Asks: 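Sharing a structure below in structure tokens format, with a few things to ask.
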Amino acid sequence: QQAEGLVHSSFRRLSGREKKEMQKEILSILGLPGRPRPHPPLRPPSSAPLFMLDLYHAMSADGEDEGNEIIVNGPGMGKFGGAERLAQVSHAVLPTLSTHTPPLGTVVSEADTVMSFVNLVEQERDLLQPRPYWKEFRFDLTPLPQGETVTAAEFRIYKTLTMGQRANRTLHISVYEIQRETRHREPELVLLDMQSVPAGQEGWLAFDVTSASNHWLLHPRSNLGIRLYVETEEDRSLSAGWIGLVGRRGPRSKQPFMVTFFRESQVPCRPPR
Amino acid sequence: AVKPHPRKKKPKYDLPVPNSRCDRSPANNGGQPCKKHELYVSFSDLGWKDWVLAPTGYSAYYCDGECFYPLGSCMNATNHALIQQVVHLLKPNEVPKACCAPTKLSPISVLFYDDNNNVILKKHRNMVVKTCGC
């Protein structure tokens, strides 16, 4: 009875202070200085949380199947997607939440942290203005995890089907990093990624923006965003909205976002607490 | 192994001798053997559902027994086991071997919102003790 009493004596209600200490400990394990306070409303979830949930489930499934890396870079599935990826997404039978296909592969399985960033600024030169048309996006990458380096970064944008376009027409979509802006002049641009997709396809497009995010990580002030151009095979400039690329005003589940993969730069060492 | 300095006086304090209840065999010292229990950390119980998207919580094992070096806010399971192991080497007859050293650590992933409504998926590779020496 004495022994039983001793065992059960450890099962007691925590005091308020102990509760706070334990919460602080769990937050510390998660690498957080305090409890985050996201701004409401968070419902319904937008595209980035949905994508991250898919990624979480994929990683969890991988964790259960221990020892195996997630390697899904099979035929027709490039590291960061592309036209083949777009085709696969649009034809895949996906769960309720999944309107996305996470970029599974070694990048994901090796990542210690994955962060999605909401698009903050969207500017465009559309049909009412002279050509070439473009669309700009900007993401705030300042709350980056400390002691981690970027291994990959993707800009994800959804393409819907639009009327009045030949389905077999090929569209060239290119994404540039805006390196310098000057008044009354075109900014300096550096090509990040380009994809050729059929006009009659619908789904997520993923562009490799790793070099830009590395640049922004080193020089946060140089983050002027990215610019997207659409051209036909005849080099004719098209508006992003006209070919069905969804922007900030589109449905929440299809809004563009950026996802960045990080890896701890050194052997993790927990600070003394 | 460091030879003690011959002139150095013996410190006033001594390593504490635990009231051995963390021994593997109940017969030894007549103590209560260590038992493995599961602890579930529920994010909804913590009131964190507004910013933790997944999972709803996670479970880990902890030792139950009268260990002299309990797990505290400043000591994790590995440190606890290391200390007990050191004391055991010094006083093998009085202090049992550490029996609650984690032998397998599992990863956990947590998906949460930050202050800017960005979503973070954090993977902790060796975080949750799934198997210990109990």
Side-chain angles (χ1 to χ4, degrees), chain A residues 3-4 6-7 10-11 18-19 21-32 34-40 42 45-46 48-53 55-57 59-60 63 66 108-109 111-118 120 139-143 145 257-259 261-262 264 268 270 272-273, chain B residues 19 21 26 30-35 37 39 41-43 45-58 60 62-67 70-76 78-79 104-128 130:
Chain A
E4 209 172 55
L6 276 168
V7 170
S10 61
F11 295 96
E18 281 174 316
K19 244 183 199 173
E21 275 180 7
M22 194 165 273
Q23 290 194 14
K24 206 176 160 191
E25 181 75 4
I26 298 167
L27 285 169
S28 174
I29 287 168
L30 295 173
L32 298 167
R35 188 200 145 139
R37 306 265 174 199
H39 313 294
L42 294 168
S46 58
L50 291 174
F51 171 83
M52 294 295 278
L53 263 170
L55 201 60
Y56 168 80
H57 290 305
M59 279 169 88
S60 304
E66 279 171 50
V108 178
S109 53
D112 292 303
T113 307
V114 186
M115 273 184 91
S116 70
F117 298 95
V118 181
L120 298 172
F139 304 91
D140 182 13
L141 267 71
T142 44
F257 62 96
M258 198 176 141
V259 59
F261 300 85
F262 299 91
E264 275 170 359
R270 271 194 243 164
R273 296 191 293 272
Chain B
N19 176 15
R21 287 185 180 278
Q32 179 78 11
C34 244
K35 278 182 186 170
H37 286 268
L39 168 80
V41 177
S42 162
F43 289 128
D45 285 356
L46 288 166
W48 291 355
K49 273 192 98 176
D50 60 330
W51 64 274
V52 180
L53 278 131
T56 49
Y58 65 92
Y62 71 97
C63 282
D64 180 37
E66 283 284 304
C67 295
L71 293 171
S73 60
C74 59
M75 199 187 282
N76 60 30
T78 312
N79 290 343
K104 190 182 164 194
L105 294 164
S106 297
I108 58 161
S109 298
V110 184
L111 187 68
F112 57 92
Y113 281 105
D114 69 0
D115 293 330
N116 305 314
N117 285 19
N118 294 323
V119 184
I120 301 168
L121 177 59
K122 192 112 186 149
K123 191 202 278 180
H124 302 276
R125 289 180 191 279
N126 300 308
M127 186 53 69
V128 181
K130 283 286 177 192

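Sequence lines set the chain letters: A, B, ... in the order given, protein chains first and strands last, and positions in each chain run from 1. Keep in mind the model is a prediction, meaning the values are calculated, not measured. What's counted below: heavy atoms across the whole structure, side chains too, no hydrogens, waters or symmetry copies.
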Asks: Take A:V118 and B:N116 through the test side-chain contact (heavy atoms from CB on, under 4.5 Å) and record every step on the way to the result.
Replies: CA-CA 9 Å; A:V118 181; B:N116 305 314; over 6 Å; no

Asks: Give the C-alpha distance, both sets of side-chain angles, the deciding distance and a yes or no for side-chain contact (heavy atoms from CB on, under 4.5 Å) between B:V119 and A:Y56.
Replies: CA-CA 11 Å; B:V119 184; A:Y56 168 80; over 6 Å; no

Asks: Of all heavy-atom pairs between B:I120 and A:M52, which one has the smallest distance, and what is that distance?
Replies: C-CE, 4.2 Å

Asks: Which distance, rounded to the nearest 0.5 Å, do you find between the CZ of A:R35 and the CG of B:D115?
Replies: 10.5 Å

Asks: About how many Å separate CZ of A:F262 and NZ of B:K123, when rounded to the nearest 0.5 Å?
Replies: 14.5 Å

Asks: Closest heavy-atom contact between A:D140 and B:N118?
Replies: O-ND2, 4.3 Å

Asks: For the atom pair CG (A:L27) and CZ (B:F112), what is the distance rounded to the nearest 0.5 Å?
Replies: 9.0 Å

Asks: Determine whether a donor-acceptor pair (N or O, by modelled atom type, separation under 3.5 Å) exists between the side chain of B:N117 and the backbone of A:P38.
Replies: no

